[in-house]
Amino acid sequence: MCCSAWNDTGVSRRRVVLLGSTGSVGTQAVDVVLANPGRFVVTGLAAGGSDPARLARQAAALGVASLAVADPRAVDAVRDALEPLRSPHHGWAAKDVEVLAGTDAAAELAARPADVVFNAITGARGLAPTLAALEAGTVLALANKESLVVGGPLVQSARLRPGQIIPVDSEHSAIAQCMRAGTHSEVRRLVLTASGGPFRGWSTRQLATVTPAQALDHPTWSMGPVVSVNAATMVNKALELIEAHLLFDVPIEQIVVVVHPQSVVHSMVEFVDGATILQASPPDMHLPIALGLGWPDRVHDSVPPCVWDGSTSWTFEPLDEEVFPALRLGRAAVAASATHPAVLNAANEVCVEAFLAGRIRFLDIVATVEQVLGEHEGTPARRVRLDDVLGADAWARARTAELIS
């Protein structure tokens with residue numbers, strides 16, 4: 001880990017490499033950094049390249065000297081967007097900004113000296129930067145659940161020390177906070193909360209005619225399109241179930257999901273003495289993002305607190321796994337082999353893209369994922385290598401595309 005930067009008062013600032021900066025979580029991470037200039041300094045930004053103007057504005061606002069763009073065709077557009085910008089940061093000039101390009105660019109940036117690598121890349125392509133950051137010994141603030149789901153054993157073996165991965169998903173951030181109330185051996189169950197998405201209470205028959213616009217209309221959270229559809233199908237909870245199992249070393253049968261429409265209780269930990277500790281805050285990602293950047297310290301005024309001196313109520317209800325069978329697939333994937341979770345994630349990504357393009361129906365998403373999972377042979381955890389994971393991912397994408405066509 002590198003030495004931190006210092007502010008004008010002599011207090012160290014954490015040096016942050018921010019991956020996926022132009023996405024929903026990434027832009028909110030930029031908000032947190034800009035609101036706390038005495039706490040954090042960003043040394044590198046990575047993005048896919050679909051929004052070069054936003055990436056350039058972020059670089060100027062943060063005074064960043066190194067950028068990574070996954071799509072090499074976007075490099076000229078990024079440089080063109082940088083050219084007219086000026087920054088208040090002393091010594092920053094657009095012409096001096098380094099622009100790395102290609103599928104390995106984010107991983108190259110993640111391997112460089114930093115205090116925290118914040119990974120908000122969407123999808124399985126976040127795995128390589130996750131491994132690069134861990135192998136460099138850097139603290140990893142992980143908002144890319146897919147890299148842990150896809151490369152679970154690889155990510156676990158790449159960790160050089162306990163506590164190197166700080167979860168940023170609101171549910172797993174909540175669990176990490178609640179775990180401070182006891183020891184690992186005192187944990188009986190983890191309780192993940194789910195909003196229920198836009199189709200809470202719907203029947204399978206009603207879901208048959210769901211449109212992409214309906215699936216993207218989440219009642220409590222503002223997210224990117226893939227995550228929004230995952231929330232609608234409950235695949236996100238299957239991925240979060242696997243993530244919680246891996247992050248906190250709790251058997252998957254000791255992790256349950258309950259529906260909590262208000263999205264104020266972000267998750268809970270039940271201890272062996274019957275106590276349940278929960279974390280509550282408004283449904284706003286700025287809090288878990290700030291915790292991911294500042295862990296174990298809290299960042300003042302990350303979000304407005306809950307209002308406790310007025311009338312309010314919270315409700316909890318079971319998740320209907322007959323209507324939303326994705327959770328069953330998550331448990332089955334963990335039980336099957338080390339590469340089945342990678343297949344689940346890859347098949348789902350292909351199906352979501354096809355659904356948003358109008359090529360398959362809403363219910364086809366989970367049904368197709370289940371078929372692909374059932375066809376996969378799998379690799380045991382004791383023998384799994386990166387090539388096995390990448391091969392399973394590629395096979396699942398090709399097989400899913402074949403089934404869809």
K.L.:
Does any non-hydrogen side-chain atom of L356 lie less than 4.5 Å from one of V229?
P.N.:
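With C-beta onward as the side chain, the pair touches.
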K.L.:
I need the minimum non-hydrogen distance between V303 and P282, along with the two atoms involved.
P.N.:
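Closest approach of V303 to P282: CG2-CD, 4.3 Å.
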K.L.:
Might you confirm whether atom CG of D80 has over 12 heavy atoms from other residues, nucleotides or ligands at distances under 6.0 Å?
P.N.:
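Yes, enclosed.
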K.L.:
Any non-hydrogen side-chain atom of I166 less than 4.5 Å from a side-chain atom of L140?
P.N.:
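They are not in side-chain contact.
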K.L.:
Would you say R361's side chain and A208's backbone share a donor-acceptor pair under 3.5 angstrom?
P.N.:
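Side chain of R361 to backbone of A208, a donor-acceptor pair under 3.5 Å: no, none is there.
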K.L.:
Do L293 and V16 come close enough that some side-chain heavy atom pair is under 4.5 Å?
P.N.:
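In short, these two side chains touch, coming nearer than 4.5 Å.
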K.L.:
Test your reading of the model: is there a side-chain donor-acceptor pair from N230 to the backbone of V227, 3.5 Å cut-off?
P.N.:
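Side chain of N230 to backbone of V227: no pair is present.
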K.L.:
Indicate yes or no for a side-chain donor-acceptor contact from S157 to the backbone of P153 under 3.5 Å, with no hydrogens or angles considered.
P.N.:
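Judged by distance alone, yes, a pair lies under 3.5 Å.
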K.L.:
I need the I360 CD1 to C351 SG distance, nearest 0.5 Å.
P.N.:
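These two atoms lie 4.5 Å from each other.
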K.L.:
Indicate yes or no for a side-chain donor-acceptor contact from Q28 to the backbone of S24 under 3.5 Å, with no hydrogens or angles considered.
P.N.:
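Pair found, side chain donor or acceptor close to backbone of S24.
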K.L.:
Looking just at side-chain N and O atoms, do H218 and S195 make a donor-acceptor pair shorter than 3.5 Å?
P.N.:
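A donor-acceptor contact under 3.5 Å links the two side chains.
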K.L.:
Looking only at atom types and distance, does a side-chain atom of N144 sit under 3.5 Å from a main-chain N or O of G123, one as donor and one as acceptor?
P.N.:
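Side chain of N144 to backbone of G123, a donor-acceptor pair under 3.5 Å: yes, one is there.
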K.L.:
So do the side chains of V42 and V17 get within less than 4.5 Å of each other, counting heavy atoms only?
P.N.:
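No - every pair of side-chain heavy atoms lies 4.5 Å or more apart.
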K.L.:
Taking L45's backbone N and O only, do any of them form a donor-acceptor pair with S21's side chain (distance below 3.5 Å, no angle check)?
P.N.:
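Such a contact is absent between S21 side chain and L45 backbone.
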K.L.:
About how many Å separate CD of E270 and SG of C178, when rounded to the nearest 0.5 Å?
P.N.:
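Interatomic distance, C178 SG to E270 CD, rounded to 0.5 Å: 12.0 Å.
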K.L.:
Identify whether the distance between the nearest side-chain nitrogen and carboxylate oxygen of R125 and E146 falls below 4.0 Å.
P.N.:
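Looking at R125 and E146, the cut-off is not met.
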K.L.:
If we only count heavy atoms from C-beta on, is the I289 to V25 side-chain gap below 4.5 Å?
P.N.:
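The answer is yes; the side chains approach within 4.5 Å.
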K.L.:
Hey, are T22 and D51 close enough side-chain-wise for a donor-acceptor pair under 3.5 Å?
P.N.:
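The criterion, which ignores hydrogens and geometry beyond distance, is not satisfied for T22 and D51.
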K.L.:
Is any side-chain N of the basic residue among K145 and D169 closer than 4.0 Å to the acidic one's carboxylate O?
P.N.:
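Salt bridge flag = yes for D169 with K145.
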K.L.:
Within the distance-only criterion (no hydrogens, no angle test), does the side chain of T211 pair as donor or acceptor with the backbone N or O of Q214 below 3.5 angstrom?
P.N.:
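The answer is yes, because a donor-acceptor pair under 3.5 Å joins these two groups.
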K.L.:
Side chains of T315 and Q262: donor-acceptor distance under 3.5 Å anywhere?
P.N.:
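Yes, Q262 and T315 have a side-chain donor paired with an acceptor closer than 3.5 Å.
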K.L.:
side-chain contact (heavy atoms from CB on, under 4.5 Å) for T233 and V352? Distances and angles first, verdict last.
P.N.:
CA-CA 10 Å; T233 60; V352 169; over 6 Å; no
K.L.:
Should the pair R331-E253 be classified as a salt bridge under the 4.0 Å nitrogen-to-oxygen rule?
P.N.:
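Not counted as a salt bridge, because no side-chain N and carboxylate O are separated by less than 4.0 Å.
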K.L.:
On a heavy-atom basis, which atom in T193 and which in F316 lie closest, and how many Å separate them?
P.N.:
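Looking at all heavy atoms of both residues, the shortest contact is CG2-CE2, 4.5 Å.
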K.L.:
Under 4.0 Å between a side-chain nitrogen and a carboxylate oxygen: does that hold for D387 and R385?
P.N.:
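No, D387 and R385 are not salt-bridged.
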K.L.:
Who are the ring-ring contact (aromatic ring centres under 6.0 Å, His included) partners of F199, not counting sequence neighbours?
P.N.:
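F199 satisfies ring-ring contact (aromatic ring centres under 6.0 Å, His included) with W202, F362 only.
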K.L.:
Quick one: pull up CG in L247 and CD1 in I242 and give me the separation to the nearest 0.5 Å.
P.N.:
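One finds 12.0 Å between CG of L247 and CD1 of I242.
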K.L.:
Say you draw a straight line from CG of L67 to CG of L18; how long is it, rounded to the nearest 0.5 Å?
P.N.:
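So the CG of L67 and the CG of L18 are separated by 11.0 Å.
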K.L.:
For G137, does its backbone N or O pair with a side-chain atom of R161 as donor and acceptor, under 3.5 Å?
P.N.:
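Looks like yes, one N/O pair under 3.5 Å.
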K.L.:
Nearest 0.5 angstrom please: D388 CG to L154 CG, how far?
P.N.:
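That separation rounds to 8.5 Å.
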K.L.:
Quick one: does L386's side chain get under 4.5 Å of L127's, heavy atoms only?
P.N.:
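Result yes, sub-4.5 Å side-chain heavy-atom pair found.
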K.L.:
Any donor-acceptor pair under 3.5 Å linking the side chain of Q164 with the backbone of L160?
P.N.:
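The answer is yes, because a donor-acceptor pair under 3.5 Å joins these two groups.
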K.L.:
Take K95 and R79 through the test side-chain contact (heavy atoms from CB on, under 4.5 Å) and record every step on the way to the result.
P.N.:
CA-CA 8 Å; K95 63 181 177 63; R79 291 200 179 278; over 6 Å; no
K.L.:
Quick check with a 6.0 Å cut-off and a 45 degree axis cone: is R180 positioned over the face of W295's six-membered ring?
P.N.:
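R180 over W295 ring: yes.
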K.L.:
Are L319 and V258 side-chain neighbours, meaning at least one heavy-atom pair lies under 4.5 Å?
P.N.:
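L319 does not reach V258 side chain to side chain.
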K.L.:
Can you confirm whether more than 12 heavy atoms, excluding those of H184, are under 6.0 Å from its NE2 atom?
P.N.:
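More than 12 heavy atoms, drawn from other residues, nucleotides or ligands, come within 6.0 Å of this atom.
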K.L.:
Please report the interatomic distance CD(Q58) to CG(L85), rounded to the nearest 0.5 Å.
P.N.:
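Reported value, rounded in 0.5 Å steps: 11.5 Å.
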K.L.:
Starting from the C-alpha separation in whole Å, work towards a yes-or-no answer on side-chain contact (heavy atoms from CB on, under 4.5 Å) for F248 and H172.
P.N.:
CA-CA 9 Å; F248 302 108; H172 303 87; 4.1 Å; yes
K.L.:
With a 4.0 Å cut-off, would you call E171 and K237 a salt bridge?
P.N.:
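Yes, charged N to carboxylate O under 4.0 Å.
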K.L.:
Is N119 reaching over with its side chain to a backbone N or O of G126, donor-acceptor style, under 3.5 angstrom?
P.N.:
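Side chain of N119 to backbone of G126, a donor-acceptor pair under 3.5 Å: yes, one is there.
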K.L.:
So for atom CD, which belongs to E375, do other residues, nucleotides or ligands contribute more than 12 heavy atoms lying within a distance under 6.0 Å?
P.N.:
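Yes, CD of E375 has more than 12 neighbouring heavy atoms, counting only those of other groups under 6.0 Å.
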K.L.:
Only pairs at least two apart or in different chains count here, so list each ring pair (Phe, Tyr, Trp, His ring centres under 6.0 Å) that has a residue in residues 371-405.
P.N.:
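Qualifying pairs, neighbours excluded: H340-H376, H376-W395.
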K.L.:
Show the numbers, then the answer: is there a side-chain contact (heavy atoms from CB on, under 4.5 Å) between D393 and V343?
P.N.:
CA-CA 6 Å; D393 179 276; V343 168; over 6 Å; no
K.L.:
Would you check if L327 and M234 make a side-chain contact, meaning some heavy-atom pair closer than 4.5 Å?
P.N.:
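L327 does not reach M234 side chain to side chain.
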K.L.:
For Q279 and S281, test the side chains for any donor-to-acceptor distance below 3.5 angstrom and give the result as yes or no.
P.N.:
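There is such a pair (donor and acceptor under 3.5 Å, judged by atom type) between the side chains of Q279 and S281.
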